[in-house]
Amino acid sequence: MKFENPIYVTQPSLPDLDLYKPYLEKIWKSKILTNNGPFHRELEEALAKELGVKYVSLFTNGTLALLTALQTLRITGEVITTPYTFVATANSLIWNNLTPVFVDIDPKTNNLDAEKIEAAITAKTTAIMPVHVYGNPCDVDKIQDIADTYSLKVIYDAAHAFGVNYKGQSLLNYGDLSILSFHATKVFNTMEGGAIISHDEKTKKRIDYLKNFGFKDEVTVIAAGINSKMNEMQSALGLLQLKHYKKYIEKRKLLAALYVKQLSKIEGINTLAIVEGVEDYNYSYFPIYVEASYGKSRDELYEFLKQHNVFGRRYFYPLISDFPLYSSFDSANRNNLKVASTITEKVICLPIYAELTPEEVIAICKIIENGQ
Ligand SMILES: *Cc1c(COP(=O)(O)O)cnc(C)c1O
């Protein structure tokens, strides 16, 4: 059976429009539209409390948060990172004149393989930029041990990890900084938006100067900052979303469990295991891995789903290291990235979002079963 209307990989959750209007009226009345306004300050505090982190600095998007995080810690030279992520991770390094050094991923979690980091460290290495892919935690303890041994900074691209708790605390408390994305496709959205999570007041201040042109006060500019401040309309939307996001995640959780149950019956389709020690997972993505025993190749299944109006996404394909811009780096050699090269050819992220129905999940699984 083919769906009448297209089912996309995700659909943003938005609360009732009437609930947003009072916020907008306040903004119109006050005429404070941006520049660390009242909703901006309120959302920073509310997020810090909700997520269980010390400091939140809001940004216009996750990419500018990544760029600014690297500037905050004055990162130079080479940065160890993963090829299995959204291209913004590596692009943020290039924009800072840094050299990405790609290290292979762990087949179980699809995250940077901590066991392979040390071999990639050189005299020029100053930082590690891992990604909590699909919100599943990296090997944060091992990564911190390596960082301590070699005096490296750790900046997590935590764009997928909103609300994830690990070993009794927010996953965002690990590393020197973590960045979040609140893009429309993410589990918590402000249409566009992002944040840097920091752990001490001095760093929080530096981040906040950098996102506002480097202004320390009216007449003092302390660094070549950028403009990446979140505006009041988006901050207000964030406050409203914060009241509702948990029920969206609850719905995703049920859908993910249903997918696992339905797909377990299909030969050659594997799903991702959530890392042990995760207390609150966010079910932001639902990757499947198409093995040879399925019968169709990944791309054949991807097209087959499309023919039935189901638009999954190959997150992440191609690998960043395979883009022409990056493929000339020594570390981009596929022999160095064997696991990532295999996973990227197998993965499809299936649709998951709060408004998706259990019946739709069952129908998607049926299509996959029929495709065999
Ligand atoms: C979405 C995403 C980003 C970029 O965030 P934007 O808010 O879209 O700029 C960076 N890294 C990863 C892993 C992402 O998924």
Side-chain angles (χ1 to χ4, degrees), residues 8-13 43 47 56-71 79-96 98 100 102-103 105-106 109-112 127-138 154-164 171-172 174-175 177-197 207 211 226-231 234-235 237-238 241 252 272 282-287 312-321 323 326 340 343-344 347 349 352-353:
Y8 295 108
V9 72
T10 192
Q11 179 178 294
S13 295
L43 181 58
L47 277 172
V56 175
S57 297
L58 293 173
F59 278 76
T60 40
N61 59 58
T63 304
L64 280 163
L66 276 172
L67 292 182
T68 308
L70 291 159
Q71 291 275 326
V79 177
I80 290 172
T81 190
T82 168
Y84 190 77
T85 175
F86 183 59
V87 71
T89 314
N91 283 357
S92 76
L93 300 174
I94 302 290
W95 271 64
N96 276 288
L98 301 166
F102 299 110
V103 164
I105 60 172
D106 177 334
T109 61
N110 302 178
N111 289 328
L112 188 61
I128 310 171
M129 184 179 269
V131 182
H132 301 299
V133 177
Y134 314 127
N136 226 0
C138 293
V154 182
I155 300 174
Y156 282 105
D157 180 338
H160 298 181
F162 188 93
V164 176
L171 181 57
L172 307 170
Y174 293 90
L177 298 173
S178 288
I179 78 97
L180 290 169
S181 166
F182 307 147
H183 184 258
T185 53
K186 303 300 204 274
V187 76
F188 172 91
N189 88 82
T190 58
M191 299 193 180
E192 292 268 6
I196 302 181
I197 308 304
I207 296 164
K211 77 177 195 189
I226 200 161
N227 178 11
S228 46
K229 312 179 294 286
M230 183 182 277
N231 68 48
Q234 286 167 282
S235 304
L237 179 60
Q241 293 282 37
R252 286 168 174 267
L272 180 78
N282 64 16
Y283 305 91
S284 49
Y285 298 85
F286 194 87
R313 288 295 293 267
R314 288 166 291 185
Y315 293 142
F316 290 102
Y317 168 84
L319 295 178
I320 296 186
S321 45
F323 289 127
Y326 291 99
I343 300 283
T344 193
V347 73
C349 283
I352 189 162
Y353 49 88

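Numbering of residues begins at 1 and proceeds along the displayed sequence. In listed order, ligands and their atoms are each counted from 1. The figures that follow rest on heavy atoms only: side chains count, while hydrogens, waters and symmetry mates do not.
Inclusion of T85 in the set of residues having an N or O under 3.5 Å from an N or O of ligand 1 is not warranted.
Here the CD1-CD1 distance, from I207 to I179, works out to 11.5 Å after rounding to the nearest 0.5 Å.
Scanning all heavy atoms of the two residues, the minimum distance from A88 to T63 falls at CB-OG1, 3.6 Å. The minimum heavy-atom distance linking T89 with D157 is given by the pair OG1-OD2, 2.8 Å. Contact between I105 and L112 at its shortest, heavy atoms only, is CG2-N, 4.2 Å.
Among all protein heavy atoms, the one lying closest to atom 3 (C) of ligand 1 is F86 CD2, 3.7 Å. Of the protein's non-hydrogen atoms, the one nearest atom 15 (O) of ligand 1 is H160 NE2, 2.8 Å.
For T63, heavy-atom contacts with ligand 1 shorter than 4.0 Å involve the backbone as well as the side chain. The proximity of K186 to ligand 1, defined as any non-hydrogen pair under 4.0 Å, is limited to the side chain.
Distances from atom 13 (C) of ligand 1 to the heavy atoms of L64, D157, L66 show the closest one on D157.
Near G62, the atoms of ligand 1 lying under 4.0 angstrom from a non-hydrogen atom of the residue are 5 (O), 6 (P), 7 (O), 9 (O). Each of the following atoms of ligand 1 lies closer than 4.0 Å to a heavy atom of S181: 1 (C), 5 (O), 6 (P), 7 (O), 8 (O). Heavy-atom proximity to G193, at under 4.0 Å, picks out these atoms of ligand 1: 7 (O).
Side chains of N91 and Y326: a donor-acceptor N/O pair is present below 3.5 angstrom, by distance only.
Judged purely by atom type and a 3.5 angstrom limit, T344 has no side-chain atom pairing as donor or acceptor with the backbone of A340.
Atom CZ of R313 sits in a sparse spot, with 12 or fewer heavy atoms from other residues, nucleotides or ligands closer than 6.0 Å.
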